[in-house]
Each structure stands twice: as C-alpha cells, then as structure tokens.
Amino acid sequence: MLSKTYAPAETEQRIYEGWERSGAFAARPESAAAPFTIMIPPPNVTGSLHMGHALTFTLQDTLIRWRRMQGRDALWQPGSDHAGIATQMVVERLLAEQGNQDRRSLGRDAFIDRVWAWKAESGGTITRQLRRLGASLDWPRERFTMDDGLSAAVRTVFVALAREGLIYRDRRLVNWDPKFQSAISDLEVESRETRGHLWHIDYPIEGAPGRFIRVATTRPETMLGDVAVAVHPDDARFADLVGRHAILPLVGRRIPIVADEYSDPEKGTGAVKITPAHDFNDFEVGRRHGLAMPSVLDREARVTFAELAADDPAIVDPAALAASRAALDGLDRYAARKQILAMLREAGLLADEVAHLHQVPYGDRSGVPIEPLLTTQWFCNASVLAKPAIAAVERGDTVFVPKQWENTFFAWLRDIEPWCISRQLWWGHRIPAWYGPDGAVFVAHDAAEAQAAAHAQYGHEVALSQDEDVLDTWFSSALWPFSTLGWPEKTAEVARYYPGDVLVTGFDIIFFWVARMMMMGLHFMGEVPFRTVCIHGLVRDERGQKMSKSKGNVIDPLALIEKFGADALRFTIAALTGPGRDVKLSEARVESYRSFVTKLWNAARFAEMNGVAPDPGFDPASVRSPLGRWILAAANEAAAEAGAALESYRFNDYAAACYRFTWNTFCDWFLEFAKPVLAQPETEAAAELRQVAAHVLGVILRLLHPVMPFVTEELWDRFGFGPDYSLIRAPWPEAMAPADAAAASAELDWVIRFITEIRTVRAEMNVPPGTMTPVHLRDARPETLARAEAWIEPIRRMARATEVSALAGALPAGSAQAVLDEATIILPLAGFIDIEAELARLRREVERAGGEAEKLARKLENADFVRRAPEAVVEENRERLAGIEAEVTRLQAALARLG
RNA sequence: GGGCGGUUAGCUCAGCGGUAGAGCGUCUCGUUUACACCGAGAGGGCCGGCGGUUCGAAUCCGUCACCGCCCACCA
C-alpha cells in the first residue's frame with residue numbers, strides 16, 4: 001500500500017543507491033546500441049552545487065535518461081576540473097586560517113601536496129551533491145583534469161602544438177593580475193565602469209622655456225614610464241611641436257613628440273602620453289616608433305625604478321630622477337598616484353583635474369584592477385586554430401541551440417587574439433618546457449626527452465630547469481571531450497564516444513570553453529567534439545536579479561531538495577527553461593510544482609486502491625471501450641509532444657505536455673470517468689479499464705521519468721511494472737494505435753463539454769453543489785441522446801444530474817438553458833434560479849455570439865478576403881459563421897422561451 | 001562605440017500571418033472516501049508607441065522608447 005503522502009527524503013537516497021549498485025548508469029561500450037554522449041562540464045573541484053549547476057545538470061540528466069530509455073548506449077561522462085586559481089586560493093586561505101606557513105615559505109612541492117590532500121578530503125562534495133540531484137553519471141568513469149591520463153593528454157597537445165609553431169613564447173604586454181601575481185587571459189578581464197579623474201599635466205618643451213605640451217591621463221602613476229607624447233599628424237595645434245622633445249617631469253627624460261594616428265584630437269587635450277610598458281595602445285605606438293619600453297611597476301604593482309637608469313642618455317636631469325626615486329620607489333600604484341599628483345601640483349605642472357567616468361579592467365577572480373605588464377609568456381596562436389572551428393559551425397557540423405549564439409561564437413573567433421596560456425601559479429599542469437644554461441628551450445613530453453634533446457644540441461649533458469609556470473585551467477578543459485575517453489591512447493571509448501552528441505552549458509562559457517573545445521577537437525581529432533551545443537540561460541531570483549552572496553538572494557538547491565524533493569526542483573527547472581531563457585526561480589515555484597509530484601502520487605494511490613495493476617499481456621489495440629481508446633490516444637499524443645519537445649531541447653514544452661496530460665487529462669477526466677466503472681469490480685468493462693489505467697499510468701511514469709526520476713521509479717517498482725530500479729531502463733513510450741480513436745475522441749470531447757456546460761450554468765446560478773437536478777436536451781440528435789445515456793453515470797457524478805432526458809414541450813418553470821452544438825441544455829432550477837439573472841446571462845451570450853457572427857460576416861462580405869485568402873481559410877470562416885449563427889438562433893429561442 | 005535578446009492577463013511565460021493562451025496568483029462555491037500539496041466555476045489583455053506590407057499583423061518590415069546582456073583603446 002502506498003503511504004498517504006510521498007516522502008522524498010526517505011525514498012530518493014535508497015533509489016539512487018539502487019540504480020548505482022545495479023550499474024544502471026553505466027555506458028555499454030560493447031553493446032550494439034547507438035551511442036549517445038554528453039560530456040559533463042566539469043565543475044570546479046573546489047565547488048559545491050549551486051543553482052546554476054542544478055539547472056545545467058538537470059537538463060543534461062533529463063536528456064541522458066530520455067535517450068537511455070530510447071535504447072541508446074548513453075554515456076554521461078563525469079569529472080571535475082582542477083580550477084587552478086580558484087583551488088590555489090582556497091588552499092592558501094585555509095593555510096592562513098590554520099595559522100600555517102604561507103605558500104612561499106612552504107615551498108612548491110609541499111604546497112602541491114597540501115592541495116592534493118585537500119582534494120582527497122573535500123573534493124568529493126560536488127559529486128555527492130550531484131547524486132542528491134539524481135544525476136545519472138557513469139561514476140566509475142569519473143576523471144579529473146589533473147589525473148595522470150589527462151595530464152598526459154595536456155603534455156601531448158602542448159608538445160604537438162609547440163612543434164607546429166602554434167604554441168610559442170613571446171615577450172609582450174599581458175594582463176597582469178597583481179593579486180595573484182600572474183598573467184591572465186583577455187577573457188579573465190572584465191571592464192568595470194569607474195568614477196575617476198582625468199588629470200591634465202604640462203610637460204615642458206625642450207629648449208623653449210615657458211612652453212608646455214599638455215597631456216591628459218587617468219593614470220598619472222604610469223608617467224614615470226613615458227617615452228613620448230603623441231599628437232595627431234593633422235592636428236594643427238601641435239604641428240610645430242612634432243619632431244621636438246619634451247622633458248618628462250619627475251623623471252627628467254627627454255621624450256620625443258611624435259605624430260601618430262592613434263592620437264585622437266577630440267579626446268583629452270589632443271596630446272597623449274605614451275607609456276608602452278603599461279598600456280596596450282601605447283605598446284603599439286611604441287613599436288611603430290621604435291621607442292624604449294621601461295617598466296615602472298613591478299609584479300605587485302609597486303613603483304620600481306629598476307629600468308630607469310640615471311646613466312641612460314635620455315635622462316637629461318638625473319637629479320630629478322633621483323629625487324623622484326627617493327619619494328616614490330616601492331610605493332603601491334595608488335599611493336604613487338597620490339604622491340605624483342602632489343609633486344606635480346607643487347611644481348605647478350598639474351593644470352587641471354576633471355571628474356571622469358571610464359572603464360577600468362579588473363581581474364574577474366581577484367577583483368583587483370589589472371595592470372598591463374611587459375613579460376615573457378607562452379601563447380597559443382588561436383587564430384589558426386579558430387579557422388576550422390568557424391568553418392565547422394558554418395557548415396552545420398555543430399549546431400547551436402538557440403541558433404543566434406552562433407553569431408556570438410563567430411564574432412569572437414573571427415577576431416581572436418593570441419591566447420596567453422601560462423600562469424604564474426603552482427597548482428596546475430606544469431609547462432613541459434625545459435631551459436638550458438644559455439636559455440635554449442626544449443619542449444618535450446618529459447624531462448628525459450628534454451634531456452636527450454639538450455644532449456643532442458650541446459653534445460654533452462647539461463643541467464636543465466623546467467619552466468616554473470603552469471597552464472591556464474581552460475587549456476586542459478579544452479581537451480575534455482577526448483582526454484576523458486583515454487586519448488592519446490587509442491581506446492575503444494575514443495573511437496565510440498567521440499564526437500559527443502550534445503554539449504549543454506551556459507552562454508557565459510562559450511568563449512572560455514566551447515570555442516576552445518571546438519578548436520582543440522578539430523585540430524587533434526579531425527572532427528567536432530559535439531554535434532549540438534545547447535545553450536541555456538542563467539538562474540536568477542524571482543525578481544530577475546542575478547544571484548549573488550552580496551545581494552543575499554542565493555537559493556541553495558540542496559535546501560530545496562531537502563524541503564521539496566529533487567523531483568520537484570528538477571521539474572520546476574525544466575518547466576521554467578525555455579530555449580536560451582533565464583530561469584527565474586523562487587522557493588514558491590518549487591513548492592507549487594511539488595504539488596504535481598503529490599498529485600501523481602495520489603493518482604497512483606487511487607489506481608492502487610482500485611486494483612489497477614500492470615498486465616504484461618495487455619494489448620492496447622484490443623481495447624473496446626471509448627473511454628479506454630480515448631485515453632490511450634491522448635497518451636499517444638502526449639508522448640509524441642513530450643518527445644518532440646525533448647528532441648528540440650524545449651524543456652518547458654516537455655514539462656508542460658507531461659503536466660497537462662497527467663493532471664488535466666488523466667486525473668481530472670479519465671479517473672473521474674473511470675470511477676463508476678471501477679466501482680463494479682467484477683465486470684469485464686472494469687477489468688479492461690483497470691488494464692488501460694495501468695498502461696497509461698505506466699506511460700506517464702515513463703514520460704516523466706527523465707525529469708522526475710525518483711517518484712516515478714518508486715511508483716514503477718511499487719506497482720511491479722518491472723523489477724526494482726528498472727524504470728531507468730524501461731523503454732520510452734512508443735505510439736500505440738487504439739482502434740477508432742477518432743470516434744472515441746469525438747465522443748469524450750462531447751461528454752466533457754456537456755459536463756462543463758452544466759457546471760458553468762450551475763455555478764453561475766449559485767446552485768448548491770449538493771443539489772442534484774434533472775437535465776433535459778431539446779433538439780438533440782438521437783446520437784447525442786445516446787451519448788448522454790451511455791455516459792449517464794459520470795454525468796450524474798460530475799454534473800450533479802439525476803437524469804438526462806429529451807424534452808420537446810414547454811420549458812419547465814425556472815429553467816436555465818445553454819446551447820451545446822445542435823442541442824439546447826435545459827436545467828430546471830426552480831427554487832434556485834433568479835430569472836432576471838438568467839435573462840441577463842442569456843442576453844450576454846447572445847451578444848457575445850452575435851458579435852462574433854457579425855465579425856465573421858463582415859469578413860466574408862469583404863470581396864478581397866474571399867478572392868485573395870486561401871480557399872481553405874475562407875471555407876473555415878464560412879463554417880464558423882454557420883455554426884455561430886445557429887448558436888445565436890438557439891440562444892434567441894431560449895430567450896424567447898423564457899418570455 | 002558595435003552587437004544580441006526582451007517588452008503579450010497581477011506574476012512567470014508560450015504563441016511568431018488566419019477565432020489571444022497556459023501555469024501560478026486573485027475572486028466565488030465546495031467534507032461527492034485518490035489528492036485541500038484538492039475539486040468546480042469566474043473575472044482579468046487597444047499583445048510597448050508610431051508608421052508600413054497584406055484580404056487579414058501579437059506574429060513580417062521600418063522606426064522610436066524603455067529593460068537586460070555581451071564585446072570594445074583606463075588620454
């Protein structure tokens with residue numbers, strides 16, 4: 001016996017363990033079935049399950065379960081990401097909290113040991129939470145981006161690309177994060193609008209006492225590294241200064257005034273200071289004009305004079321330089337800014353200070369302003385790798401859903417910059433490059449190979465030192481679709497599961513991850529990594545705000561699971577996920593969809609109480625009763641709708657189709673219709689109906705299983721539809737063909753409308769629900785009367801009717817009337833009815849129908865419409881007009897009868 | 001500055017050329033033994049504004065407004 005209420009907390013864990021124990025999640029590489037592959041976007045090993053995870057993993061699990069039920073050999077590849085910076089931060093913070101030595105004093109090897117230890121201890125959090133959500137990942141295949149196999153894949157790719165010249169070292173300006181003291185990639189920089197100032201500074205002109213060139217800057221602290229002033233070649237204001245020199249205040253450097261298109265006469269003062277080592281544009285100007293590039297900020301963004309040599313011939317005022325060094329050396333960049341402004345003000349060179357709103361680059365993880373810094377880093381030539389990726393999407397080898405994201409993908413790849421892949425961190429894949437004593441570089445799979453290459457080059461043994469840096473975390477993620485399958489080994493899995501079928505992920509990592517997997521997949525596998533990229537939105541709070549700790553609007557998926565069950569959360573997510581749309585979630589939403597879980601449970605309880613049980617010998621095609629045929633046909637339709645929706649990643653439509661069929665069709669009508677039949681347990685009709693009910697319940701459980709796996713599995717098992725934990729692999733419902741479905745549908749459709757009409761009239765007339773009244777039909781065709789007769793039992797219960805009979809004569813006093821097709825329903829309600837109200841109601845009806853008729857008539861009188869609209873449309877309108885006119889006539893007759 | 005998306009019932013959204021819809025919420029009624037996490041019924045919309053195309057526009061085109069996001073030189 002099913003309990004009165006469903007208790008998810010008690011059920012879910014047991015069922016999940018049942019599935020996992022029985023190997024239900026396992027891919028079957030040896031099977032003959034067509035594979036279906038989804039690669040999990042590896043969550044950070046530091047992470048715990050948040051709503052964004054709940055969204056993406058619910059969708060993926062829904063797809064994988066659905067395909068598994070369709071008989072595909074489903075592989076949902078699990079794993080997690082080492083998340084370089086994030087993990088290193090977590091462990092460093094932990095060391096600090098526990099009062100341990102910091103990373104540097106601990107040393108590299110000891111620190112990395114700590115990280116591994118931490119991973120062993122806490123790294124399993126998210127996989128445990130994924131289990132709570134019901135994710136049917138093939139756990140024994142779980143991978144980690146830093147495990148041996150994946151690390152080998154990383155080295156193989158690095159070495160191959162380096163040998164092809166697609167990975168190289170270069171000294172250039174990079175985005176430097178002073179907090180992490182590491183380079184980061186362009187993607188890890190975010191612009192923040194910032195209220196700052198624009199300072200106007202006068203630079204004295206050499207050999208022209210009292211003459212200045214005025215520059216404008218938001219970053220006076222970088223002026224120490226100025227090596228030129230640029231003006232636009234066509235700017236008449238400065239024409240006579242081009243070719244002359246200014247003397248850089250505070251530094252005493254003689255700097256040229258150059259003409260360069262970069263300078264915009266409209267911006268600032270029209271003259272722009274050039275600091276090649278600390279500004280991306282200035283770097284280009286510096287290159288064009290062959291300028292020196294002294295760095296004046298160090299790795300912690302403190303002022304340094306290391307590259308400003310007093311004996312540099314450009315320094316014409318060494319005393320000024322010495323004074324500045326004394327005042328500024330070692331100051332933090334913002335302290336230096338303040339100090340420099342003070343010094344300029346004192347010298348009378350600070351001409352103006354204007355409030356200024358501008359974009360400032362911040363590190364997305366560190367949250368501190370990025371400093372462009374001139375360093376040597378490893379780069380990947382992404383523009384070469386991007387070309388095949390662009391072409392593949394253009395050809396449709398990979399399709400984005402929704403399609404408009406392809407534009408985003410193209411726009412970024414077509415204009416891609418070199419990808420800075422080295423990071424000055426410790427936690428990550430160490431770059432497989434070794435340096436000889438003279439700085440020669442040996443890129444190799446391992447130290448021995450590097451050593452051999454060095455030996456070949458030098459002719460003797462030399463001491464090599466490995467590059468200290470590690471790779472960008474996204475470098476290993478880019479290989480995920482094949483590295484997880486065992487590549488570069490030639491495994492059966494690589495052959496079978498690559499390329500994957502669909503990648504499900506958020507738009508925020510199209511660049512970080514999707515584009516890079518496309519590039520690496522095409523380059524190393526010669527084939528796209530996935531056929532479809534399903535892009536979903538973000539989870540927001542009920543007001544549409546992004547969830548964030550600072551706003552305090554974060555909803556914890558685990559708390560929702562505790563409270564309402566995983567099925568309720570999953571169904572809510574699916575129901576709210578339109579293609580590419582953000583999901584606005586609130587606890588109230590989940591609570592209301594929890595009702596749906598309960599509804600299903602109660603429907604099953606009702607079935608159980610009425611002896612409904614699966615019958616393996618049942619043949620839907622042999623069902624005789626119209627009720628049975630009707631519900632079987634409706635179940636077919638629901639299954640077709642649900643399948644089509646999943647096929648096109650319309651999760652909301654899938655959820656709605658299941659919801660509607662289960663609640664409105666099955667519970668509200670079918671079960672109600674079935675009650676009188678089931679009340680007579682011994683009849684043949686009842687036996688058939690029980691079989692039908694069992695079958696349709698089975699269809700419902702299977703349709704809902706991908707999104708509500710727990711409660712459906714529990715019911716499946718309790719009813720004995722199959723062995724325990726077998727719903728997960730039960731076949732997805734196929735269309736059955738009940739005979740005469742159309743006739744059955746027409747019949748049930750009439751009965752439903754008939755009951756609804758009566759209910760409406762009774763409600764409007766405020767007839768107490770307890771009161772049963774007779775129902776009469778005027779002008780009804782014999783088959784209509786026969787229908788009423790055949791369905792008299794449900795009509796009695798549901799429409800509170802004592803009888804249904806034809807009535808030709810005079811209207812009984814105090815009757816209400818309603819038109820249904822050719823017939824007029826008459827409800828003798830003497831004692832309840834307010835004749836005035838009934839008159840008003842009928843007049844309203846006449847007006848409504850009359851208005852509609854008039855609209856249609858006017859349309860059909862329009863010669864243009866009749867001539868130009870498709871014949872079928874015109875015909876349909878004619879029929880509609882005829883129907884509505886007949887209704888008007890009957891309504892008027894009904895009015896007339898009332899006098 | 002460039003690009004993308006959105007604007008339909010109180011809320012969340014579907015519909016994307018031929019009769020404006022759903023869920024939730026609201027209101028009314030209800031102890032009909034599956035379910036009050038329920039049932040029945042009702043009310044609620046110049047489909048953002050303005051033009052255009054069309055026999056016909058929520059739907060196509062143009063334009064404007066507002067909201068959101070992404071990208072882009074910190075003068």
Side-chain angles (χ1 to χ4, degrees), chain A residues 2 4-6 191-192 194 196 198-200 215-219 222 230 262-264 267-274 279-282 284 356 358-361 369-370 372 402 404-405 407-408 411-412 415 507-508 510-511 537-538 542 544 564 568 575-576 578 580-584 586 588-589 591-610 650 652-653 656 659-660 667-668 671-672 675 755-756 759-764 766-770 772 796-798 800 852 855-856 859 862-870 872-874 876-877 880 884:
Chain A
L2 297 176
K4 182 133 201 240
T5 52
Y6 170 62
S191 285
R192 293 192 196 168
T194 306
L198 196 54
W199 287 281
H200 293 205
V215 299
T217 181
T218 57
R219 302 209 54 200
T222 65
Y262 163 65
S263 181
D264 182 347
K267 280 189 178 172
T269 58
V272 58
K273 66 194 248 337
I274 300 299
D279 182 285
F280 287 93
N281 290 301
D282 294 5
E284 294 306 319
H356 185 60
H358 60 135
Q359 301 292 325
V360 177
I370 287 309
Q404 78 247 10
W405 288 109
N407 294 329
T408 307
W412 187 67
D415 218 8
F507 56 79
D508 48 329
I510 290 177
F511 304 148
L538 246 50
E542 58 209 307
F564 304 113
L576 300 181
R581 271 207 105 89
D582 287 344
V583 173
K584 288 184 194 156
S586 66
R589 286 302 189 100
E591 185 176 5
S592 77
Y593 280 115
R594 191 258 314 259
S595 304
F596 180 53
V597 178
T598 308
K599 185 74 181 179
L600 175 65
W601 182 261
N602 281 309
R605 270 181 68 222
F606 173 79
E608 186 190 49
M609 288 172 190
N610 284 278
R650 286 178 287 110
N652 55 336
D653 287 351
Y659 185 99
R660 249 195 327 268
C667 292
D668 290 347
L671 290 183
E672 293 303 324
K675 277 177 182 173
I755 292 170
T756 305
R759 282 170 166 173
T760 303
V761 172
R762 288 176 55 105
E764 284 189 30
N766 290 314
V767 180
M772 311 261 304
R796 280 196 178 123
R797 287 169 169 254
M798 299 164 77
R800 316 298 294 149
E852 208 172 311
K855 231 167 73 183
L856 283 166
K859 199 169 183 180
N862 181 345
D864 276 334
F865 171 70
V866 177
R867 196 171 60 243
R868 311 189 94 119
V873 172
V874 176
E876 190 201 320
N877 277 272
R880 230 161 50 209
I884 199 89

Under 4.0 Å, heavy atoms only, any strand: does A:Thr756 hit a base, just the sugar-phosphate, or nothing?
sugar-phosphate
Under 3.5 Å for both donor-acceptor distances, Watson-Crick or wobble: does B:rG43 have a partner, and if so which one?
none
Value in whole Å for how far the C1' atom of B:rC35 lies from CG of A:Leu671
11 Å
From the candidates B:rC73, B:rU32, B:rC74, the one with an atom nearest any side-chain atom of A:Thr218 is B:rC74
Applying a 3.5 Å limit to both distances, which nucleotide forms a Watson-Crick or G-U wobble pair with B:rU63?
B:rG49
From CZ of A:Arg759 over to C1' of B:rG39, roughly how many Å is that when rounded to an integer?
8 Å
Please work out if A:Arg594 contacts a base, only the sugar-phosphate, or nothing of the nucleic acid, heavy-atom cut-off 4.0 Å.
base
Taking atom P in both B:rG25 and B:rC38, compute the distance separating them and give it to the nearest angstrom.
8 Å
Any donor and acceptor pair, going by atom type alone, linking the side chain of A:Asn652 with main-chain N or O of A:Ala575 inside 3.5 Å?
no
Short side-chain to backbone donor-acceptor contact, A:Glu608 and A:Leu2, under 3.5 Å:
yes
Return the value, rounded to whole Å, for the distance between atom CD1 of A:Ile755 and atom C1' of B:rG39.
14 Å
Side chain to side chain donor-acceptor pair (under 3.5 Å) filter on A:Lys675, not counting sequence neighbours, yields A:Glu672
OP1 or OP2 of B:rC38 under 4.0 Å from side-chain N/O of A:Ser595:
yes
Distance check: side-chain N/O of A:Lys675 vs OP1/OP2 of B:rA34, anything under 4.0 Å?
yes
Mind checking if A:Glu852 touches a base, just sugar-phosphate, or nothing, with heavy atoms under 4.0 Å?
base
Which nucleotide in the set B:rC55, B:rA34, B:rC74 lies at the smallest distance from any side-chain heavy atom of A:Asn862?
B:rC55
What pair of heavy atoms forms the shortest contact from A:Gln359 to A:Ser191, and how long is it?
OE1-CB, 3.4 Å
Describe the nucleic acid contact of A:His356 in one word from base, sugar-phosphate, nothing, applying a heavy-atom distance below 4.0 Å.
sugar-phosphate
Please give, in whole Å, the distance from B:rC73 C1' to A:Glu284 CD?
11 Å
Closest of B:rG18, B:rC55, B:rC70 to the A:Asp864 side chain is B:rC55
Examine distances only and state if a side-chain atom of A:Arg759 and a backbone atom of A:Met798 form a donor-acceptor pair shorter than 3.5 Å.
yes
Compare side-chain N and O positions of A:Tyr6 against OP1 and OP2 of B:rA34 and report whether any pair is under 4.0 Å apart.
no
What string of B, S and - do you get for nucleotides 1-8 of chain B 5' to 3' if you count protein non-hydrogen atoms under 4.0 Å?
----S---
Please compare A:Lys855 and A:Lys584 by the position of their nearest nucleotide in RNA chain B and report the one closer to 5'.
A:Lys584
Heavy-atom side-chain contact between A:Val215 and A:His200 under 4.5 Å
no
When you measure from the side chain of A:Arg868, which nucleotide among B:rU19, B:rC55, B:rG30 comes out closest?
B:rC55
Would one find more than 12 heavy atoms of other residues, nucleotides or ligands at under 6.0 Å from atom CG of A:Asp864?
yes
Using the P atom on both, measure B:rU63 against B:rG5 and round to a whole Å.
14 Å
First encountered from the 5' end of RNA chain B, between A:Ile370 and A:Arg589
A:Arg589
Consider the side chain of A:Phe507, meaning its heavy atoms from C-beta on, and name the nucleotide among B:rC69, B:rA42, B:rA34 that approaches it most closely.
B:rC69
For a quick check of understanding: with a heavy-atom distance under 4.0 Å over all strands, which category does A:Phe596 fall into, base, sugar-phosphate or nothing?
nothing
From CD of A:Glu672 across to P of B:rA40 the rounded distance in Å is 8 Å
With the side chain defined as heavy atoms from C-beta on, A:Arg219 is closest, among B:rC74, B:rC55, B:rA34, to B:rC74
If you look at every strand shown and take non-hydrogen atoms under 4.0 Å, does A:Glu876 touch a base, only sugar-phosphate, or nothing?
nothing
Regarding A:Pro369, tell me which of base, sugar-phosphate or nothing describes its non-hydrogen contacts under 4.0 Å with the strands shown.
nothing
Interatomic distance, A:Glu764 CD vs B:rA42 C1' [rounded to whole Å]:
8 Å
Which nucleotide in B:rA72, B:rG41, B:rA34 has an atom nearest any side-chain atom of A:Phe606
B:rA34
Length of the line joining A:Ile274:CD1 and B:rA75:C1', which is rounded to integer Å:
9 Å
Treating A:Arg594 as the side-chain partner and A:Ala568 as the backbone partner, does any N or O pair qualify as donor plus acceptor under 3.5 Å?
no
Backbone N or O of A:Ile510 within a donor-acceptor pair of the A:Thr408 side chain at under 3.5 Å?
no
Looking at A:Thr598 and A:Phe596, would you say the former's side chain and the latter's main chain have a donor-acceptor pair under 3.5 Å?
no
C1'-based separation of B:rA20 from B:rG56 [nearest Å]
15 Å
Rounding to an integer number of angstrom, what distance separates B:rU54 and B:rC61 when you compare their C1' atoms?
12 Å
Kindly say whether, by distance alone, the side chain of A:Lys599 makes a donor-acceptor pair under 3.5 Å with the base of B:rC35?
yes
Pairing residues for A:Phe511 by the ring pair (Phe, Tyr, Trp, His ring centres under 6.0 Å) criterion, not counting sequence neighbours
A:Trp412
Among B:rA75, B:rG18, B:rC70, the one nearest any side-chain atom of A:Ala869 is B:rG18
Integer angstrom distance from the P of B:rG21 to that of B:rA58:
13 Å
Suppose you measure atom P in B:rA72 against the same atom in B:rG49; what distance do you get, rounded to whole Å?
36 Å
Re B:rG1: Watson-Crick or G-U wobble partner, both distances kept under 3.5 Å, found to be B:rC71
Across the strands shown, which category fits A:Pro361 at heavy-atom distances under 4.0 angstrom: base, sugar-phosphate, nothing?
base
In whole angstrom, give the distance that lies between atom CG of A:Asp653 and atom C1' of B:rG21.
13 Å
Quick one: which of B:rA34, B:rC55, B:rU12 gets closest to the side chain of A:Cys667?
B:rA34
Across the strands shown, which category fits A:Ala411 at heavy-atom distances under 4.0 angstrom: base, sugar-phosphate, nothing?
nothing
Set out, in order, the CA-CA distance, both residues' side-chain angles and the distance that settles side-chain contact (heavy atoms from CB on, under 4.5 Å) for A:Phe606 and A:Leu671, then state yes or no.
CA-CA 9 Å; A:Phe606 173 79; A:Leu671 290 183; 3.9 Å; yes
Using atom P of each nucleotide, how far apart are B:rG43 and B:rG2 to the nearest Å?
49 Å
Tell which nucleotide pairs with B:rA57, taking only Watson-Crick or G-U wobble pairs whose two distances are both under 3.5 angstrom.
none
Side-chain contact check for A:Asp264: nearest option of B:rG23, B:rC55, B:rA75 is B:rA75
If I pick the P atom on B:rU19 and the same atom on B:rC47, what distance separates them, to the nearest angstrom?
16 Å
Across all strands shown, which nucleotide pairs with B:rA14 by Watson-Crick or G-U wobble geometry, both distances under 3.5 Å?
none
Looking at every strand, decide which applies to A:Val215 at a 4.0 Å heavy-atom threshold: base, sugar-phosphate, or nothing.
nothing
